Amino acid sequence: MKYAIVGAGANGMLPAYLLKKAGHDVQVVTEHEEQAASINEQGIIHGKDRQYIKAYTDIEQIDPDAFILLTVKYEDLQPILRLLKIRCPSNRIVFLQQGMLFLEKARTLSHRHIAAAVLETDCVKLSNTEISFNKTAHVTYGLVKGHMEEFQPLLESSAWQTNWVETIEEQLFESLLFSSLIDPLTALMKIRNGELITNPHAYELFRNLYNELYLAFPEIESLQPIEKVAAFCAAEPERASAMLTDRLAGDPMEVEGLMLYVLNRSKLELPLFKAFYHLLKTVEVEK
């Protein structure tokens, strides 16, 4: 099978590496010429292993038969979608992004077959060509439009563990709530997940944030009970959230895609969450 990964942060480099290692034909599209040159020269490296993958900065290079996995941040999505509409009108597309803000744009695309996915991983981007991870990646897919059968090859690949759900929006929302509790706090304070529980000041913010989100989304109590989230952080104390990983790597954080959806969907004011949003946007502007 052929795959084109658009975006070369941690969530783009990991699928590219794993798919190539599983024997698939893989392309990577990144907006950064320096990174494309480095990947073409050195491959994507994990520990002592490396997978040589073709990297481009031009979407026109995408094979018309390739599955396209979109991993770019929400703020970069619109110009890419315009190019895909013109250059890749028949490709099957998978949105592999944090948050849910992309869903509206995905549903308006003219492409016939579109899926969304949630990637569960502990991958960290160390450089333009190197990643680090310890756990087996797991991808949950669901249909946005078209036919599920078109995405069957994704479920049969040995690159990672997979499952298919009938209601991907529910899965995305559950993941969104989880990330909303961890990512903004850890990215702002530059701390690992475990410190949200062991640091009393961080834990106080974590608990207050949970209470605020509960008022807006009472279903969080069943979808992501605070005990479950705290236990996850305690079980993997050195794990870095996706947003922290991006900040440490000097990459753009998924502030818009993750946090704006929450702010827009809530019928209540979320002063604490909104403050974190503006603080993170300030951090981005300072770069």
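Model, not experiment: these values are computed from the prediction.
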For a 4.5 angstrom cut-off between non-hydrogen side-chain atoms, does [X] reach [Y]?
X: Glu31; Y: Val72; value: no
X: Leu205; Y: Met189; value: yes
X: Asn128; Y: His32; value: no
X: Leu103; Y: Phe95; value: no
X: Leu81; Y: Leu70; value: yes
X: Val26; Y: Gln51; value: no
X: Glu170; Y: Val165; value: no
X: Gln98; Y: Asn11; value: no

Are more than 12 heavy atoms from other residues, nucleotides or ligands located less than 6.0 Å from atom [atom1] of [X]?
X: Gln61; atom1: CD; result: yes
X: His147; atom1: NE2; result: no
X: Gln78; atom1: CD; result: yes

Rounded to the nearest 0.5 Å, how far apart are [atom1] of [X] and [atom2] of [Y]?
X: Leu177; Y: Leu172; atom1: CG; atom2: CG; result: 11.0 Å
X: Phe173; Y: Tyr261; atom1: CZ; atom2: OH; result: 6.5 Å
X: Arg192; Y: Asn199; atom1: CZ; atom2: CG; result: 15.0 Å
X: His113; Y: Ser90; atom1: NE2; atom2: OG; result: 10.0 Å
X: Glu195; Y: His201; atom1: CD; atom2: NE2; result: 12.0 Å
X: Leu96; Y: Leu119; atom1: CG; atom2: CG; result: 5.0 Å

Could you report the tightest heavy-atom contact between [X] and [Y], atom names first, then the distance?
X: Phe206; Y: Leu181; value: CD1-O, 3.8 Å
X: Leu154; Y: Thr162; value: O-CG2, 3.8 Å
X: Ala115; Y: Val144; value: C-CG2, 3.8 Å
X: Trp160; Y: Ala137; value: CB-O, 3.3 Å
X: Ile5; Y: Thr71; value: CG2-CG2, 4.2 Å
X: Ile168; Y: Leu143; value: CG2-O, 3.8 Å

Let me have the donor-acceptor pairs involving side chains of residues 17-24, under 3.5 Å, with sequence neighbours excluded, atom names and distances please.
| residue | atom | partner | partner atom | Å |
| --- | --- | --- | --- | --- |
| Tyr17 | OH | Asp49 | OD2 | 2.6 |
| His24 | NE2 | Ser157 | OG | 3.0 |

So side-chain hydrogen bond (donor to acceptor under 3.5 Å, both in side chains) across residues 229-241, not counting sequence neighbours, yields Lys135-Glu236, Thr186-Ser241, Glu236-Arg239
With side-chain hydrogen bond (donor to acceptor under 3.5 Å, both in side chains) as the rule and sequence neighbours excluded, what pairs involving residues 207-220 come up?
Glu204-Arg207
As a quick check of understanding, evaluate side-chain contact (heavy atoms from CB on, under 4.5 Å) for Lys228 and Phe178, giving each step before the final call.
CA-CA 10 Å; Lys228 173 185 172 183; Phe178 182 83; 5.8 Å; no
Taking only residues at least two apart or on different chains, which pairs with a member in residues 88-109 satisfy salt bridge (Lys or Arg N to Asp or Glu O under 4.0 Å)?
Arg92-Glu150, Arg107-Glu169
Listed once per pair and sorted, the salt bridge (Lys or Arg N to Asp or Glu O under 4.0 Å) pairs that draw on residues 59-84, sequence neighbours left out
Lys2-Asp63, Glu60-Arg87, Lys73-Asp246, Glu75-Lys281
Hydrophobic cluster membership, [X] vs [Y], 4.5 Å side-chain cutoff:
X: Val29; Y: Ile131; answer: no
X: Tyr277; Y: Phe102; answer: yes
X: Ile39; Y: Ile45; answer: no
X: Tyr56; Y: Leu69; answer: no
X: Ile114; Y: Tyr3; answer: no

Holding to side-chain contact (heavy atoms from CB on, under 4.5 Å), I want the full list of residues that pass it with Pro237, two or more places apart in sequence or in another chain.
none
Applying side-chain contact (heavy atoms from CB on, under 4.5 Å), can you list everything that pairs with Leu126, at least two apart in sequence or on another chain?
Val124, Glu130, Ser132
Using links of under 4.5 Å between side-chain heavy atoms of ILVMFWY residues, direct or through other members, which residues join Leu244 in one cluster?
Leu248
Taking only residues two or more places apart in sequence or in another chain, which ones pass side chain to side chain donor-acceptor pair (under 3.5 Å) with [X]?
X: Lys274; result: Glu269
X: Gln171; result: none
X: Trp164; result: none
X: Gln42; result: Thr129

Whether the side chain of [X] engages the backbone of [Y] through a donor-acceptor N/O pair (distance < 3.5 Å, no angle test) should be reported.
X: Lys145; Y: Leu109; value: yes
X: Ser266; Y: Val262; value: no
X: Glu174; Y: Gln224; value: no

Using the ring of each side chain (for Trp, its six-membered ring), is Phe151 parallel, tilted or perpendicular to Phe67, with breaks at 30° and 60°?
tilted
